[in-house]
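Worksheet: one structure, shown below.
It should be emphasised that the depicted structure is a prediction, and the values quoted were computed from it without experimental measurement.
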Amino acid sequence: MPRKIAAGNWKMNGTATDLTELDALGTQLPASSAPTVVICPPAPLLFRASEVAGPHGIRIGAQNCHAQSTGAHTGDISAAMIADTGADFAILGHSERREAYGETNRDVRSKTKAAWDAGLTAIVCIGETGEDRDANNTLDIIGGQLAGSLPNDVTETNTVVAYEPIWAIGTGKVPNLDQIVEVHDFIRARLIRRFGQQIGAALPLLYGGSVKPDNAATIFQAANVDGALVGGASLKANDFAPIIHALAAS
């Protein structure tokens, strides 16, 4: 069975004072059968977040990394630098990076390899636009992103796949359960076909896109949803904890 993961993407939110939310979250985690909990704060907070989160068993991840380990890349951060802060995950290929910075599947593949080389687990994001869905192109888009973004040396421990329909991110819109099931079942089948039963069936698949405490339990009913990549609801412990509990109970 894939491991259950609840990952929170703080995006460009939070300063050092907000790290108290990690302490608050630590007191609200399930006592048993707890999923892996990952918080991905802005880069300046990575080191301090690792120090605060560690005693609670909460893992820390970055929101991006550069494909190169060193070099003249002003303003960028390498995967090795991220690992040096105590973080051990990195979100790669998020739709906001693909759209705002023109990141391609090839870019995401290169960053994924860099993350692995630094000992990080890559959370690789894929997802379709509203126009893609309206044109019934969702599965074609997802299939292409999977093929282009994932390197060949994927394992169930170095990679997590996160499906985030772009039209649902931050909008309050959520696909119905049948739509989520269709895409996650498709992703699982493609992973098994490419990487084999052992790896493909064990890779964690996360759903992301307006996940809230009031819809999390319904989303986690889907057989191939192994967790969530949560945006705004991960900023506050009182919002994120119920999602984690819903995942633990699924």
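The only member of V124, L120, V154 that meets side chain to side chain contact (heavy atoms under 4.5 Å, CB included) when paired with T112 is V124.
Listed by first then second residue, pairs satisfying salt bridge (Lys or Arg N to Asp or Glu O under 4.0 Å) with a partner in residues 220-234 read R188-D226, not counting sequence neighbours. Residue pairs that meet the ring-ring contact (aromatic ring centres under 6.0 Å, His included) test with at least one member in residues 164-221, sequence neighbours left out, are Y163-H184. Evaluation of the ring-ring contact (aromatic ring centres under 6.0 Å, His included) test over residues 90-132, restricted to residues two or more places apart or in two chains, returns none. Identified under the ring-ring contact (aromatic ring centres under 6.0 Å, His included) test for residues 126-147, with sequence neighbours left out: none. The list of ring-ring contact (aromatic ring centres under 6.0 Å, His included) pairs with a residue in residues 31-85, not counting sequence neighbours, reads H66-H73.
I169 and V211 are assigned to two separate hydrophobic clusters, defined by single-linkage of ILVMFWY side chains at heavy-atom distances under 4.5 Å. Linking Ile, Leu, Val, Met, Phe, Trp and Tyr residues whenever their side-chain heavy atoms come within less than 4.5 Å leaves I192 and V161 in two separate clusters. Linking ILVMFWY side-chain heavy atoms closer than 4.5 Å, directly or via other members, places L203 and L139 in a single hydrophobic cluster.
The closest side-chain heavy-atom distance from Q68 to D76 is not below 4.5 Å. Using a 4.5 Å cut-off on side-chain heavy atoms (C-beta onward), N137 and E128 make no contact. Using a 4.5 Å heavy-atom cutoff, the side chains of E99 and I166 are in contact. Proximity of I58 to L29: side-chain heavy atoms (C-beta onward) are separated by under 4.5 Å at one or more points. With contacts defined as side-chain heavy-atom distances shorter than 4.5 Å, the pair I142/E182 does not qualify.
Distance alone, capped at 3.5 Å, is enough to place a donor-acceptor pair between the E21 side chain and the A237 backbone. In terms of modelled atom types and a separation under 3.5 Å, the side chain of S234 and the main chain of G231 share a donor-acceptor contact. Side-chain N or O atoms of T121 include one that pairs as donor or acceptor with a backbone N or O of T157 at under 3.5 Å. For N158 (side chain) and T155 (main-chain N/O), a donor-acceptor pair under 3.5 Å exists by modelled atom type. Using modelled atom types, one side-chain atom of D18 and one backbone atom of T15 make a donor-acceptor pair closer than 3.5 Å.
Evaluation of the salt bridge (charged side-chain N to carboxylate O under 4.0 Å, His left out) rule for K113 yields no partner, not counting sequence neighbours. P42 is linked by a side chain to side chain contact (heavy atoms under 4.5 Å, CB included) to W10, P44, L45, Q63, counting only residues two or more places apart in sequence or in another chain. Listed by chain and residue number, N152 satisfy the side-chain hydrogen bond (donor to acceptor under 3.5 Å, both in side chains) test with R194 (two or more places apart in sequence, or in another chain). Evaluation of the side-chain hydrogen bond (donor to acceptor under 3.5 Å, both in side chains) rule for Q145 yields no partner, not counting sequence neighbours. Taking the salt bridge (charged side-chain N to carboxylate O under 4.0 Å, His left out) definition, one finds that D107 meets it with nothing, sequence neighbours left out.
Closest non-hydrogen pair, S50 versus G86, comes out as OG-C, 3.4 Å. Considering all non-hydrogen atoms of both residues, P30 and P35 come closest at CG-CD, 4.4 Å. The shortest heavy-atom contact between L19 and V52 is O-CG1, 3.7 Å. Among all heavy-atom pairs drawn from V108 and G93, the shortest one is CG2-CA, 3.5 Å. Closest approach of S210 and G170 over heavy atoms only: OG-N, 3.7 Å. Minimum interatomic distance between L150 and R109 (heavy atoms only, all atoms of both residues): O-NH2, 3.3 Å.
Side-chain atoms of D132 and T138 form no donor-acceptor pair, as typed in the model, at a separation below 3.5 Å.
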Quiz prompt | Check against side chain to side chain contact (heavy atoms under 4.5 Å, CB included), E103 and N64 | solution = CA-CA 11 Å; E103 292 188 2; N64 186 36; 3.9 Å; yes

Quiz item: Stepwise, does the side chain to side chain contact (heavy atoms under 4.5 Å, CB included) test hold for D178 with V181?
Solution: CA-CA 5 Å; D178 288 342; V181 167; 5.5 Å; no

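Taking Ile, Leu, Val, Met, Phe, Trp and Tyr as members and joining any whose side-chain heavy atoms lie under 4.5 Å apart, directly or through other members, the hydrophobic cluster of V38 also contains I5, F89, I91, I123, V160, L206, L229.
Other residues, nucleotides and ligands contribute only 12 or fewer heavy atoms inside 6.0 Å of the CZ atom of R106.
Note that CG of L46 and CD1 of I60 are 7.5 Å apart. Values are rounded to the nearest 0.5 Å. Atom CG of D88 and atom CD1 of I82 lie 11.0 Å apart (nearest 0.5 Å). The CG atom of D117 sits 11.0 Å away from atom OG of S78, with the distance rounded to the nearest 0.5 Å. The distance from atom CZ of R97 to atom NZ of K111, rounded to the nearest 0.5 Å, is 5.0 Å.
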Could you pull out all donor-acceptor pairs under 3.5 Å where a side-chain atom in residues 238-250 meets a protein atom, sequence neighbours excluded?
residue: N238; atom: OD1; partner: Q28; partner atom: NE2; Å: 3.0
residue: H245; atom: NE2; partner: Q28; partner atom: O; Å: 2.6
residue: S250; atom: OG; partner: K4; partner atom: NZ; Å: 3.4
residue: S250; atom: OG; partner: L247; partner atom: O; Å: 2.6

